Q: 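Below is one structure. I have some questions about it.
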Amino acid sequence: MMIRIWPLMACLLFAVSCKSQKGTTGTPDRYNTQVDSVLALMTLEEKIGQMTLYTTDWESTGPTIRKGYQEDIRKGTCGALFNSHTVAFTRQLQDIAVKESPLGIPLLFGYDVIHGYKTIFPVPLGESCSWDLAAIEQSASIAAAEAAAAGLHWTFAPMVDISREPRWGRVMEGAGEDPFLGSLIARARVHGFQGDHFNGTDKILACVKHFAGYGAPIAGRDYNTVDMSERTFRDIYFPPYKAGIEAGARTIMTSFNDLDGIPSTGNKWLLEEVLRKENNFTGFVVTDYTSINEMVNHGYAADDKHAGELAANAGVDMDMQGAVFQRYLKESIAAGLVSEKQVDEAVRRILRIKFELGLFKDPYKFSDAQREKAVVFAPAHLQAAREIARKSIVLLKNEDKVLPIANGKKIALVGPLVADRNNLIGEWRASGEGEKSVSILDAFQERAARDGFTFTHAKGCELTGDVTTGFEEALRNAQTADIIIAVVGEKWNMSGEAKARADISLPGMQEQLIKELVATGKPVVVVLMNGRPLTIPWIAEHATAVVEAWLPGTMGGLAVADVLFGDYNPSAKLTMTFPRHVGQVPIFYNEKNTGRPFDPNNGYTSRYLDMPNTPQYPFGYGLSYTTFTYDSMMVARKDYSFSDTIIATVNIKNTGSVAGEEIVQCYVRDLVGSVTRPLKELKGFEKIKLAPGESKKVTFKLTSKDLAFYTADMTFKAEPGAFWVMVGPDSERLQKKEIRLVQ
Ligand code: NOJ
């Protein structure tokens with residue numbers, strides 16, 4: 001006779017909850033009992049099934065190497081699926097699992113909900129430029145609510161990979177180059193997805209990815225080798241993973257790359273030492289797509305079976321799409337190459353999370369057709385998407401205060417992205433629908449009808465290719481306009497996975513179009529929509545204004561129009577350095593000094609012959625329609641003990657004529673260390689809003705922990721000595737005060 005767990009579990013849960021009412025406290029114990037009772041019923045094949053994750057045939061986010069997942073669910077040899085969503089589809093699959101599989105263990109449904117499920121928010125790199133943690137958490141929380149309403153339990157997000165590599169297409173998915181800000185954003189996004197518990201039906205599991213170092217591929221090419229010192233790994237790349245784990249992320253994904261010669265998916269040091277022992281991670285580890293199999297290509301495993309053994313022994317719990325565990329793990333256990341204990345541990349972790357989610361109580365908990373209809377694309381979500389998109393737009397240049405567009409100006413909208421809806425929502429759009437987004441043209445038309453103005457629009461050219469036949473119409477429109485708004489950028493799928501570019505300038509004939517528009521002598525506002533920092537030296541010099549709108553999501557057109565017309569005063573600042581030229585890459589603000597720092601009067605210093613060292617736009621940079629002045633910064637005193645709080649203050653005044661927000665930034669530099677230290681490291685920021693003429697004192701409080709790093713003996717601590725505390729509007733325009741940390 002077949003025992004099916006789901007009805008059985010209802011009784012068991014009742015028994016356990018009666019017990020807990022009698023005073024048994026502590027969640028882990030309760031789950032242990034439940035998990036063990038299920039584990040005891042399972043065959044080895046079923047255990048391995050829980051360690052197996054397959055994509056459905058709905059979508060492909062990698063090479064599809066296997067069909068027949070429904071049969072696997074039926075046999076109990078697949079415990080989790082991805083690329084399956086909507087109530088109708090997940091319910092149909094869950095039915096197979098709970099009604100037809102031998103034990104009826106519910107499936108876990110995952111999906112890449114990266115910046116929204118249906119309501120699409122700006123790409124995460126753009127969103128990070130808001131430096132608005134509450135807004136970022138809200139966008140993750142809305143994404144979770146929509147995804148959960150569509151039957152999902154688990155998102156493969158947030159991607160917390162620090163990157164100094166604009167050629168790498170996946171920078172669009174991250175929070176930029178800085179470990180401090182990246183950690184705060186990781187925490188906000190994990191909390192947004194997961195909340196404090198899974199009692200309701202609007203939170204889903206987060207998955208911190210890609211562990212580890214994936215954002216530093218050599219030459220910026222996706223999947224490429226990563227080689228860095230353990231110190232750089234711990235100081236720069238690890239902190240956001242740590243923050244995500246500390247925020248409670250219940251799953252983590254291994255990365256495709258090798259790190260110091262060991263592929264992450266077979267890296268016991270990463271998974272057992274760093275993750276589980278040092279950082280007390282208790283959730284489960286899933287691989288990236290076929291990354292077990294790929295250890296063969298890496299030259300680390302002889303064949304798939306060997307790769308599976310390396311992964312299982314390194315501490316991987318779930319095989320995404322590779323089918324290696326399913327095909328070989330039983331054999332490896334029989335041969336004594338993997339222990340069944342290791343498998344039991346992995347299955348325990350996975351089952352525990354299914355319990356935590358409440359799936360054993362109600363496998364259809366997330367699946368409710370009415371909720372799906374009400375929640376997905378809810379008006380409040382669209383409003384939030386518009387607000388967050390506005391907060392993500394960075395004003396890079398605004399000569400002659402050409403923006404906001406003054407009343408009565410004759411406007412020529414030009415460019416391949418003017419009328420476009422599809423590109424706006426970018427890569428990793430989950431279930432997003434390009435055609436449902438609001439283009440810039442839509443937004444201008446709405447305003448024109450409301451406010452009674454007219455404008456022209458012309459495409460000019462495509463995003464790529466060398467056709468210039470559209471120039472003529474665009475230039476004709478431009479000749480009769482007072483102001484030209486050129487909307488240019490990258491295609492939605494020029495950033496994202498496997499989308500590295502060696503040339504990160506504007507593709508196609510777009511720059512040529514802008515040159516010809518500028519030659520008309522009319523003011524030209526360039527609106528950029530792209531998923532990575534671009535090299536735009538000519539535009540930066542010659543355009544009248546430059547607005548970085550990123551790939552702004554479903555409500556992107558409205559958000560851009562809000563900024564261009566001054567309904568929203570831009571407040572965002574870059575979280576990734578914009579190089580002048582791709583030859584400067586990797587370029588990032590927290591670099592070290594070298595023994596021969598650049599000196600214009602000395603040729604034998606660190607420099608390029610053909611280019612300044614400095615970026616086009618530095619980390620932390622962004623303008624407003626108003627101006628802010630910073631008074632002299634103050635520190636409370638010079639000497640501090642290790643237990644003191646270091647206090648730095650600065651008065652900021654809005655000296656312009658409109659209200660505005662400023663992101664005030666605080667950096668430190670350790671002047672002498674047991675190992676060399678960066679010239680500056682972000683350690684605090686505050687976003688303040690000031691009315692015209694208003695001043696505000698901003699106070700930064702630092703402790704010795706903020707001055708700590710991995711010292712020469714690899715202990716994480718602050719060293720006594722002199723430091724600079726620096727304050728300013730971006731990573732370049734900084735005032736400083738010297739302080740001393742004394743024993
Ligand atoms: C591969 C990507 O690297 C990863 O980020 C994603 O979650 C999986 N494919 C699943 O789509």
Side-chain angles (χ1 to χ4, degrees), residues 162-167 176-180 213 215-220 225-239 259-260 576-621 638 665-683 702 704 706-728 730-743:
I162 293 295
S163 190
R164 297 165 161 181
E165 250 307 344
R167 290 172 297 181
E177 71 190 42
D178 182 62
F180 175 82
I218 290 177
T225 301
V226 173
D227 204 355
M228 64 174 75
S229 67
E230 186 181 339
R231 175 165 290 108
T232 299
F233 172 68
R234 289 191 183 269
D235 274 342
I236 307 292
Y237 289 84
F238 185 66
L259 182 68
D260 193 17
M576 225 182 145
T577 305
F578 271 48
R580 296 171 192 274
H581 188 278
V582 74
Q584 293 178 306
V585 169
I587 182 169
F588 46 93
Y589 86 92
N590 46 356
E591 62 177 6
K592 294 182 177 179
N593 205 26
T594 83
R596 294 186 181 190
F598 174 65
D599 173 354
N601 303 313
N602 182 351
Y604 288 98
T605 58
S606 188
R607 70 195 314 168
Y608 297 106
L609 288 178
D610 50 358
M611 174 109 4
N613 288 358
T614 54
Q616 189 75 59
Y617 300 113
F619 174 85
Y621 173 82
K638 181 134 193 209
Q665 299 159 42
C666 176
Y667 297 80
V668 299
R669 177 178 175 188
D670 187 343
L671 296 181
V672 181
S674 62
V675 294
T676 56
R677 302 295 302 138
L679 285 167
K680 43 198 126 168
E681 294 176 279
L682 183 73
K683 291 295 170 187
L702 305 174
S704 60
D706 295 305
L707 308 179
F709 61 97
Y710 284 88
T711 56
D713 65 3
M714 286 308 274
T715 49
F716 184 74
K717 61 174 187 253
E719 293 177 337
F723 294 82
W724 286 347
V725 178
M726 295 168 272
V727 168
D730 59 55
S731 64
E732 275 182 4
R733 288 175 295 158
L734 295 171
Q735 319 176 32
K736 64 171 191 272
K737 285 273 186 248
E738 190 166 319
I739 59 132
R740 269 196 335 237
L741 194 60
V742 289
Q743 286 285 10

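Just so it is clear, the structure is predicted and the values come from calculations on it, not from any experiment. What you see below is based on every heavy atom in this structure, not just the backbone, and it leaves out hydrogens, waters and symmetry mates.
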Q: For the residue pair Y237 and A216, what are the closest heavy atoms and their distance?
A: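 Closest heavy-atom pair between Y237 and A216: OH-CB, 3.5 Å.
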
Q: For T711, is there any backbone N or O sitting under 3.5 Å from a side-chain donor or acceptor partner on R231?
A: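 Yes, the answer is positive, given that a donor and an acceptor are paired below the 3.5 Å cut-off.
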
Q: Where is the tightest heavy-atom contact between Y589 and E177, given as atom of each residue plus distance?
A: N-OE2, 3.0 Å

Q: Would T614 and R580 count as having a side-chain donor-acceptor pair, cut-off 3.5 Å?
A: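 There is such a pair (donor and acceptor under 3.5 Å, judged by atom type) between the side chains of T614 and R580.
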
Q: Testing I739, D670, L734, L671 for side chain to side chain contact (heavy atoms under 4.5 Å, CB included) with W724, which one passes?
A: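 The residue from I739, D670, L734, L671 that satisfies side chain to side chain contact (heavy atoms under 4.5 Å, CB included) with W724 turns out to be L671.
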
Q: Any donor and acceptor pair, going by atom type alone, linking the side chain of E681 with main-chain N or O of L707 inside 3.5 Å?
A: no

Q: List the atom of R607, the atom of N602, and the distance in Å for their closest heavy-atom pair.
A: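 For R607 versus N602, the nearest heavy atoms are NH1-O, 3.0 Å.
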
Q: Can you tell me how far CD1 of I236 sits from CZ of R164, rounded to the nearest 0.5 angstrom?
A: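 If I round to the nearest 0.5 Å, the distance is 4.5 Å.
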
Q: Test side chain to side chain contact (heavy atoms under 4.5 Å, CB included) on R733 and Y621; report intermediate values, then the result.
A: CA-CA 9 Å; R733 288 175 295 158; Y621 173 82; 4.3 Å; yes

Q: If you look at every heavy atom in V668 and M726, which pair is closest and at what distance?
A: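 Here V668 and M726 meet closest at C-CE, 3.6 Å.
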
Q: On the 0 to 90° scale, with breaks at 30° and 60°, tag the F578-Y617 ring pair as parallel, tilted or perpendicular.
A: perpendicular

Q: State the CG-CG distance between L679 and N590, to the nearest 0.5 angstrom.
A: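 Between L679 CG and N590 CG, I get 9.5 Å after rounding to 0.5 Å.
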
Q: Can you name the closest pair of heavy atoms from I587 and T577 and give their distance?
A: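 The answer is O-CB, 3.7 Å.
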
Q: In Å, rounded to the nearest 0.5 Å, how long is the span from CD of E738 to CZ of F723?
A: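 Taking CD in E738 and CZ in F723, the distance rounds to 10.5 Å.
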
Q: Quick one: does K680's side chain have a donor or acceptor within less than 3.5 Å of a partner on S731's backbone?
A: yes

Q: Drop me the distance from E230's CD to Y710's OH, to the nearest 0.5 angstrom.
A: 8.5 Å

Q: List the steps and the verdict of side chain to side chain contact (heavy atoms under 4.5 Å, CB included) for N613 and Q584.
A: CA-CA 8 Å; N613 288 358; Q584 293 178 306; 5.6 Å; no

Q: For E719 and S674, does a side-chain donor sit closer than 3.5 Å to a side-chain acceptor?
A: yes

Q: Donor-acceptor pair, distance only, cut-off 3.5 Å: does the side chain of E732 make one with the backbone of P618?
A: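 Side chain of E732 to backbone of P618, a donor-acceptor pair under 3.5 Å: no, none is there.
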
Q: Rounded to the nearest 0.5 Å, what's the gap from CG on N593 to CZ on R669? Could you check?
A: 5.0 Å

Q: K683 side chain to L702 main-chain N or O, any donor-acceptor pair under 3.5 Å?
A: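 No, K683 side chain to L702 backbone: no donor-acceptor pair under 3.5 Å.
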
Q: Where do Q735 and V727 land on the side chain to side chain contact (heavy atoms under 4.5 Å, CB included) test, with the steps shown first?
A: CA-CA 5 Å; Q735 319 176 32; V727 168; 5.5 Å; no

Q: List the atom of R677, the atom of D235, and the distance in Å for their closest heavy-atom pair.
A: NH1-OD2, 3.5 Å

Q: Could you grab the distance from atom CD of Q616 to atom NE2 of H581, nearest 0.5 Å is fine?
A: 12.0 Å

